[in-house]
Amino acid sequence: MRTTGYAAYSPESPLALFQFERRTLRANDVAMEVLYSGVCHSDLHTARNDWGWSYYPIVPGHEIVGRVTAVGAQVSRYKVGDHVAVGCMVDSCMACDQCRNGEEQLCRAGNTGTYAGQDRITGENTQGGYSKHLVVREEFCLRVPEALDLAKVAPLLCAGITTYSPLRTWSVGPGSRVGIVGLGGLGHMAVKLAVGLGAEVTVMSRNAEKQSDALALGADRLLVSADPEAMLQAASGFDLIIDTVPVKHDLGPYLPLLDVDGTLVIVGQIGPMDESSTLPLLLGRRRIAGSPIGGIRETQEMLDFCAKKNILPDCEMIRMDQINEAFDRMEKADVRYRFVIDMASLPAQEP
Ligand code: NAP
Ligand code: ZN
């Protein structure tokens, strides 16, 4: 099927219109019209080839909400008209211990990215959700709970699950003391989800500008990471810190904030970190960990949790042709707190 999207054509050029083919439906495939696409900082990293694995043209977008338009012969879970969602993965081996355990994001053979991946059957490059249509293997579709506002669901598919997963892995609940570094797309979802799980939540931001936002999101306080005195006073006060900062930075100031056996989970930057001393790790039996997105089962659990607690991102709706401006603003942390593209604004496919 011929479809339309917005693609990066090189690391330097702005995203622009792109016509391409979506595969013919396989027996276990779901085809959808994309209704909304969230804008993740990973989309920007990928458009600019920050991680070195981009190809061009590349269509970003891995926070996707759509309406089913057709299903393959063997599809049993979805029917035409259903509202479905797709996140950062569209396939995995489904046979290894991790996949069988519902942790497809940790597939031993590597999961297939919604973009910047290769189709497991044809080897073709995958293309993401900044497009009119998408074709996805049934097992990688999520059901959107009816209670949720469809226009705001998309960011849950990456920002939501990427922060929900470490909160669950490290058993956050009432009484947990959680810190969130960086109040952006992931950060603000982390706050809402941690609050929803009953934790005491502190936002760690570069300055006090987002103080009132942090409190409105449900956090108990905002700690200014550039204020050494405030950081000193917060020492040993956290069980879990989730670090969403998208660029190379110093972990040193955050490690002493962890209590004994506390963990700093990196979900943001990929690549070399600034040098920091192992001293606080050894003396406090503290840990540094990382966490990639989350599995399909856990993603559905997160969607259902959000429906139950009425947790949704704070979104700014944009048109597809505003994407380059949105990227510029995201880079300046000028987004409160997630851009969502109304895909009805994308021109229809040309003959
Ligand atoms: P975002 O909306 O741009 O938010 C990032 C936040 O980090 C900003 O709001 C800002 O918060 C802080 N920040 C930005 N620039 C900074 C700098 N130079 N120094 C210190 N802090 C800075 O980005 P996002 O969409 O949340 O994504 C965050 C990162 O997570 C990206 O690198 C993305 O690729 C990654 N990610 C990882 C996964 C995963 O599976 N682990 C999934 C999705 C995304 P303050 O203004 O409050 O300081
Ligand atoms: Zn993402």
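In this chain, numbering begins with 1 at the start of the sequence shown. Just follow the structure's listing: the first ligand is 1, and inside any ligand the first atom is 1.
Counting only heavy atoms of the protein, atom 35 (C) of ligand 1 lies nearest to Val267 O, 3.5 Å. Closest protein heavy atom to atom 47 (O) of ligand 1: Ser205 OG, 2.5 Å. What sits closest to atom 29 (C) of ligand 1 on the protein, heavy atoms only, is Thr244 O, 3.3 Å. Scanning all protein heavy atoms for the shortest distance to atom 39 (C) of ligand 1 gives Thr162 CG2, 3.4 Å. Of the protein's non-hydrogen atoms, Pro246 CD, 3.3 Å is the one closest to atom 7 (O) of ligand 1. The single protein non-hydrogen atom nearest to atom 23 (O) of ligand 1 is His41 CB, 3.2 Å, given as residue, atom name and distance.
Interface of Ile293 with ligand 1, defined as ligand atoms under 4.0 Å from a residue heavy atom, comprises 39 (C), 40 (O). Atoms of ligand 1 found under 4.0 Å from any heavy atom of Trp51, numbered from 1 in the order shown, are 34 (O).
Here the N, O or S atom of His62 that is nearest to the Zn ion (ligand 2) is NE2.
Under 4.0 angstrom from ligand 1, the non-hydrogen atoms of Arg206 come from both its backbone and its side chain. Contacts between Cys158 and ligand 1 below 4.0 angstrom, taking non-hydrogen atoms only, involve the side chain exclusively. Of the heavy atoms in Phe339, none comes closer than 4.0 Å to ligand 1. No part of Ala159 comes within 4.0 Å of ligand 1, judged by heavy-atom distances. Only the side chain of Arg338 comes within 4.0 Å of ligand 1, counting heavy atoms alone; its backbone N, CA, C and O stay farther away. Of all the heavy atoms of Lys210, the ones lying under 4.0 Å from any atom of ligand 1 belong exclusively to the side chain. Residue contacts with ligand 1 for Val247 involve side-chain atoms from C-beta outward but no N, CA, C or O (heavy atoms, distance under 4.0 Å).
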Verdict with reasoning, Glu301 to Tyr164, per side-chain hydrogen bond (donor to acceptor under 3.5 Å, both in side chains) = CA-CA 10 Å; Glu301 176 191 306; Tyr164 183 79; 2.5 Å; yes
Test log, rule salt bridge (Lys or Arg N to Asp or Glu O under 4.0 Å), inputs Glu331 and Arg48 = CA-CA 12 Å; Glu331 201 159 34; Arg48 302 217 174 130; 2.7 Å; yes
Run the numbers on Arg120 and Thr112 for side-chain hydrogen bond (donor to acceptor under 3.5 Å, both in side chains), then give the verdict.
-> CA-CA 7 Å; Arg120 295 186 111 74; Thr112 306; 2.7 Å; yes
Apply the test side-chain contact (heavy atoms from CB on, under 4.5 Å) to residues Gln118 and Tyr55: give CA-CA distance (whole Å), side-chain angles for both, the deciding distance (0.1 Å), then the verdict.
-> CA-CA 11 Å; Gln118 276 71 43; Tyr55 41 77; 3.7 Å; yes
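Note on Arg143 versus Asp304: no salt bridge recorded, every NZ/NE/NH1/NH2 to OD/OE distance being 4.0 Å or above. A salt bridge is absent between Arg137 and Asp119; no separation between the charged side-chain nitrogens and carboxylate oxygens falls under 4.0 Å.
Here CD1 of Ile180 is found 6.0 Å from CG of Leu167. Values are rounded to the nearest 0.5 Å.
For the residue pair His249 / Asp243, a side-chain donor-acceptor distance below 3.5 Å is found, with atom types taken as modelled. Side chains of Arg22 and Thr3: no donor on one and acceptor on the other come within 3.5 Å. In this structure, a donor-acceptor pair under 3.5 Å is present between the side chains of Gln105 and Glu103.
The Zn ion (ligand 2) has Cys158 among its coordinating residues (N/O/S atom, backbone or side chain, under 2.8 Å). Backbone or side-chain N, O or S atoms of His41 do not reach the Zn ion (ligand 2) at under 2.8 Å.
Residue-ligand proximity: His249 is placed with every non-hydrogen atom at 4.0 Å or more from ligand 1.
When the heavy-atom distances from atom 21 (N) of ligand 1 to Val245, Val224, Asp334 are ranked, the shortest goes to Val245.
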